[in-house]
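The block underneath contains the structure these notes are about, expressed in structure tokens.
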Amino acid sequence: MEFSILHTDPASSARSGLLKTGHGTIPTPIFMPVGTAGSVKGIHQRDLKDEVGAPIILGNTYHLYLRPGMDVLQKAGGLHSFMNWDRSILTDSGGYQVFSLAANRKLLPEGARFQSHIDGSRHMFTPERVVDIQRIIGSDIMMALDECTPWPCDAAYAKKSLDLTHRWLDLGWERYRNTGPLHGHDQTFFPIVQGSVYPDLRRRSAEYIAGKGAEGNAIGGLSVGEPAEDMYAMVAEVNAILPADKPRYLMGVGTPVNLLEAIALGVDMFDCVMPTRNGRNGMLFTARGILNMKNRKWMDDFSPVDEDGHCFADTQYSKAYLRHLIVSGEMLGAQIASLHNLSFYLWLVRQARNEIENGSFSTWKEKMVSVLATRL
RNA sequence: GGGGAGAUACCAAAGUGGCCAACUGGGGCAGACUGUAAAUCUGCUGUCGCACGACUUCGGAGGUUCGAAUCCUCCUCUCCCCA
């Protein structure tokens with residue numbers, strides 16, 4: 001993997017860059033649609049490329065391991081081939097499932113023991129195993145196994161968890177260094193900073209993570225319920241330590257405003273289920289604000305879904321029609337809303353990049369932040 | 001023509017003397033959702049009030065009772081079966 005920074009914003013820590021993987025070049029800052037189980041829910045690959053314009057998407061180690069399973073993925077020749085996606089893929093390690101499936105897992109020094117949410121069967125995820133699985137999946141960017149700590153989280157637990165995440169990182173890193181790709185393209189490995197909302201723990205973790213000399217670094221354990229100001233503060237702490245010449249990935253973030261604020265703090269990569277999940281649930285993000293398409297007020301509003309939108313559905317369907325589809329539980333409603341939200345997210349990071357290159361990012365960001373959170 | 005069943009809130013449907021402003025579903029309205037156990041979940045849904053609460057409701061009219069959606073009388077309407 002290669003990363004180069006092209007421009008930096010004079011008034012913030014924002015920067016634009018190019019990230020090259022074996023599956024293409026990714027302009028940064030970038031938002032990566034989440035495709036947990038080998039599919040970005042409701043969006044087929046053609047639209048993901050042609051309408052959304054996504055150069056990279058996510059997959060999930062835990063979910064793909066359970067279904068379709070390693071045997072199928074191996075026979076398929078990896079996830080790219082299996083899902084017919086020739087652009088980049090980043091896989092999460094299952095660290096988020098350590099958090100979200102907390103009731104179904106047990107943390108041990110050697111890894112995380114899961115009980116499948118599908119059939120209750122028991123599985124052991126060690127940091128090494130998670131690398132092996134991601135080798136089979138063939139993701140361009142593999143993630144270290146970590147514990148995504150919940151919020152609130154007391155300092156004692158956060159510290160203990162941090163030590164576990166670092167220990168796991170050592171084991172995963174070692175396995176990464178001692179193995180190679182299986183599908184003929186390069187794979188890299190990102191470690192993850194933890195430390196909850198404690199600046200000293202965050203700094204300690206950032207130093208530890210930076211010490212690995214990975215090609216990119218991730219910030220995890222945020223946007224789990226803490227106030228946005230805490231999240232920004234932690235990102236600022238961490239980014240002061242993580243190498244500036246390597247991409248920084250803020251995991252699981254976030255709202256359009258979160259993205260712009262984090263870009264200003266020097267973050268290059270994002271992923272979040274929000275555009276797809278909230279889209280399925282009737283929420284639309286636009287450059288003018290947020291719409292809840294279930295609201296009665298759109299019932300007979302025949303104006304386009306989003307006049308300044310960037311996918312075909314934005315201008316070809318009316319708000320009234322989309323509201324009807326969503327209220328009626330029609331699949332097409334979820335598809336249109338997801339497509340719209342993803343193309344909006346990708347437009348947002350593209351525009352941020354343009355503004356960085358024009359040297360106007362900070363003023364543009366300030367203007368956008370208030371507009372994006374408006375309830376229409 | 002004969003026999004039977006039933007009328008409850010927007011719809012469906014419980015409730016058959018006080019714990020009923022009335023179970024539950026649906027519908028409606030609103031909210032939540034951040035490395036996806038989510039095409040999911042939560043709240044409200046007679047009127048007024050922020051709330052405590054007050055007021056008016058269970059086809060209509062009258063009656064019994066301390067007290068009625070629930071019991072009695074009459075009326076109106078609906079459905080089913082047999083001719």
Side-chain angles (χ1 to χ4, degrees), chain A residues 31-43 56-64 66-67 89-105 114-120 130 134 139 141-151 165 190-194 218-228 230-231 235 249-259 261-262 267 269-285 290 292-299 323 325-338 341 345 375:
Chain A
F31 177 81
M32 308 178 281
V34 177
T36 307
S39 134
V40 175
K41 294 188 193 303
I43 308 294
I56 177 169
I57 60 173
L58 253 70
N60 184 280
T61 302
Y62 168 83
H63 289 278
L64 291 168
L66 289 181
R67 280 194 306 215
I89 295 176
L90 177 151
T91 41
D92 185 32
S93 60
Y96 188 75
Q97 280 64 45
V98 167
F99 160 79
S100 66
L101 302 177
N104 296 335
R105 57 74 172 153
F114 283 102
Q115 214 167 340
S116 161
H117 69 283
I118 300 166
D119 63 5
V130 157
Q134 292 179 97
S139 47
I141 300 172
M142 306 184 286
M143 299 304 301
L145 184 67
D146 65 334
E147 180 188 6
C148 176
T149 48
W151 188 86
T165 288
F190 283 13
I192 304 169
V193 174
Q194 288 289 339
I219 307 165
L222 292 173
S223 65
V224 288
E226 80 286 357
D230 289 358
M231 171 168 78
V235 170
Y249 164 31
L250 180 55
M251 306 185 77
V253 173
T255 65
V257 170
N258 290 160
L259 262 57
E261 294 293 359
V267 174
M269 305 166 68
F270 301 89
D271 78 280
C272 191
V273 304
M274 203 171 256
T276 43
R277 179 187 290 166
N278 288 29
R280 284 196 302 283
N281 294 331
M283 178 178 282
L284 254 53
F285 298 96
I290 296 166
N292 182 346
M293 291 312 296
K294 291 181 185 171
N295 288 169
R296 184 182 199 93
K297 59 185 160 194
W298 310 120
M299 185 166 62
R323 174 186 138 91
L325 294 176
I326 287 172
V327 165
S328 306
E330 288 291 331
M331 282 191 284
L332 185 57
Q335 292 176 18
I336 291 172
S338 300
N341 281 344
Y345 266 62
R375 297 286 177 149

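Chain naming here is simple, since letters A, B, ... match the order of the sequence lines and numbering starts at 1 in each.
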(Q) Categorize A:Gly221 for me: base, sugar-phosphate, or nothing, with a 4.0 angstrom heavy-atom threshold over every strand shown. (A) base
Q | Between B:G31 and B:G35 - C1' atom distance, rounded Å | A | 25 Å
Q | Partner nucleotide, any strand, of B:C23 [Watson-Crick/G-U, under 3.5 Å] | A | none
Q. Relative to each other, are the rings of A:Tyr62 and A:Phe114 parallel, tilted or perpendicular (30° and 60° limits)?
A. tilted
Q.
Please give the distance between the P atoms of B:U64 and B:G15 as a whole number of Å.
A. 29 Å
Q. How long is the line joining CH2 of A:Trp151 and C1' of B:G35, in whole Å?
A. 19 Å
Q. Rounding to a whole Å, what distance do you find between A:Leu250:CG and B:G35:P?
A. 11 Å
Q: Could you tell me which residues satisfy salt bridge (Lys or Arg N to Asp or Glu O under 4.0 Å) with A:Glu226, sequence neighbours excluded, listed by chain and number?
A: none
Distances under 3.5 Å between protein N/O atoms and the N/O atoms of nucleotides 29-34 of chain B, please, pair by pair.
unit_1, atom_1, unit_2, atom_2, d
B:C29, OP1, A:Arg296, NH1, 3.1
B:C29, OP1, A:Arg323, NH2, 3.2
B:A30, OP1, A:Arg296, N, 3.4
B:A30, OP2, A:Arg296, N, 3.1
B:G31, OP2, A:Asn292, ND2, 3.0
B:G31, OP2, A:Asn295, ND2, 3.0
B:A32, OP1, A:Arg375, NH2, 3.3
B:A32, OP2, A:Arg375, NH1, 3.4
B:C33, O2', A:Asn278, OD1, 3.0
B:C33, O2, A:Asn281, ND2, 2.9
B:U34, OP1, A:Arg277, NH1, 3.2
B:U34, O3', A:Gly252, O, 3.1
B:U34, O2', A:Ser223, O, 2.9
B:U34, O2', A:Ser223, OG, 2.6
B:U34, O2', A:Gly252, O, 2.6
B:U34, O2, A:Asn258, OD1, 3.3
B:U34, N3, A:Asn258, OD1, 3.0

**Q.** N/O donor-acceptor pair, side chain A:Ser100 with base B:U36, under 3.5 angstrom
**A.** no
Q | Distance, C1' atom - from B:U34 to B:C44, rounded to whole angstrom | A | 27 Å
Q.
Please give the distance between the P atoms of B:C58 and B:A22 as a whole number of Å.
A. 15 Å
**Q.** Whether over 12 other heavy atoms sit under 6.0 Å from A:Met331 CE
**A.** no
**Q.** Check: A:Asn292 main-chain N/O paired with A:Trp298 side-chain donor or acceptor under 3.5 Å
**A.** yes
Q | Donor-acceptor under 3.5 Å (A:Thr61 side chain, A:Gly94 main chain) | A | no
Q: Just name whichever nucleotide pairs with B:C79, Watson-Crick or G-U, keeping both distances under 3.5 Å, else none.
A: B:G4
Q: May I have the distance from A:Leu64 (atom CG) to B:A37 (atom P), rounded to whole angstrom?
A: 12 Å
Q: Could you tell me which nucleotide pairs with B:G62 by Watson-Crick or G-U wobble geometry, both distances under 3.5 Å, or answer none if nothing does?
A: B:C72
Q.
We want to know whether A:Asp271 and A:Tyr249 form a side-chain donor-acceptor pair, criterion being a heavy-atom distance below 3.5 angstrom.
A. yes
**Q.** P spacing across the pair B:G59 / B:A32, given as an integer number of angstrom
**A.** 40 Å
With 3.5 Å as the limit, what N/O pairs link the protein to nucleotides 10-12 of chain B?
none

(Q) For A:Asp119 and A:Ser116, which I'm curious about, is there any donor-acceptor pair between the side chains at under 3.5 Å? (A) yes
Q: May I ask you to check whether A:Phe31 and A:Phe270 place their ring centers less than 6.0 Å from one another?
A: no
**Q.** B:A32: pairing nucleotide in any strand, Watson-Crick or G-U under 3.5 angstrom
**A.** B:U40
Q. Roughly how many Å is it from CZ in A:Arg280 to P in B:A38, rounded to a whole number?
A. 9 Å
Q.
Between B:U70 and B:A83, how far apart are the two P atoms, rounded to whole Å?
A. 37 Å
Q: Output yes when a side-chain donor or acceptor of A:Ser338 lies under 3.5 Å from a complementary backbone atom of A:Ala334, and no otherwise.
A: yes
Q. Roughly how many Å is it from CG in A:Leu66 to C1' in B:A37, rounded to a whole number?
A. 10 Å
Q) Heavy atoms under 4.0 Å, any strand shown: does A:Ile192 hit a base, just sugar-phosphate, or nothing? A) base
Q | Sugar-phosphate only, base, or nothing, as touched by A:Asp146 at under 4.0 Å among non-hydrogen atoms | A | base
Q: Mind checking A:Ser116 for me? I need base, sugar-phosphate or nothing, with any heavy atom below 4.0 Å counting as a touch.
A: nothing
Q. With nearest nucleotides of RNA chain B determined for A:Ala334 and A:Phe99 from heavy-atom distances, which residue corresponds to the more 5′ nucleotide?
A. A:Phe99
Q) How far does the P atom of B:A54 sit from the matching atom of B:C19, given to the nearest Å? A) 14 Å
Q) Can you tell me how far C1' of B:G35 sits from CZ of A:Phe190, to the nearest Å? A) 13 Å
Q.
Return the pairing partner of B:A51 with a 3.5 Å limit on both distances, Watson-Crick or G-U wobble; otherwise return none.
A. none
Q. Does A:Pro227 reach the side chain of A:Asp230, with side-chain heavy atoms less than 4.5 Å apart?
A. yes
Q.
Heavy-atom nearest nucleotide on RNA chain B for A:Gly329 versus A:Thr149: which residue maps closer to 5'?
A. A:Thr149
**Q.** Gap between atoms CE and C1', on A:Met331 and B:U40 respectively (whole Å)
**A.** 17 Å
Q. According to the Watson-Crick and G-U wobble definitions, with both distances under 3.5 Å, which nucleotide is paired to B:U16?
A. none
Q: Would you kindly give the NZ-to-C1' distance between A:Lys41 and B:U40, to the nearest whole Å?
A: 11 Å
Q.
If we count only N and O atoms by modelled type, under 3.5 Å, do the side chains of A:Gln134 and A:Thr91 hold a donor and an acceptor together?
A. yes
Q) Do A:Gln97 and A:Asn104 get their side chains close enough for a donor-acceptor pair, meaning under 3.5 Å? A) no
Q. Say you pick atom C1' in B:U57 and the same atom in B:C10; how far apart are they, in whole Å?
A. 16 Å
**Q.** Short side-chain N/O contact to B:A37 OP1/OP2 from A:Gln97, under 4.0 Å
**A.** yes
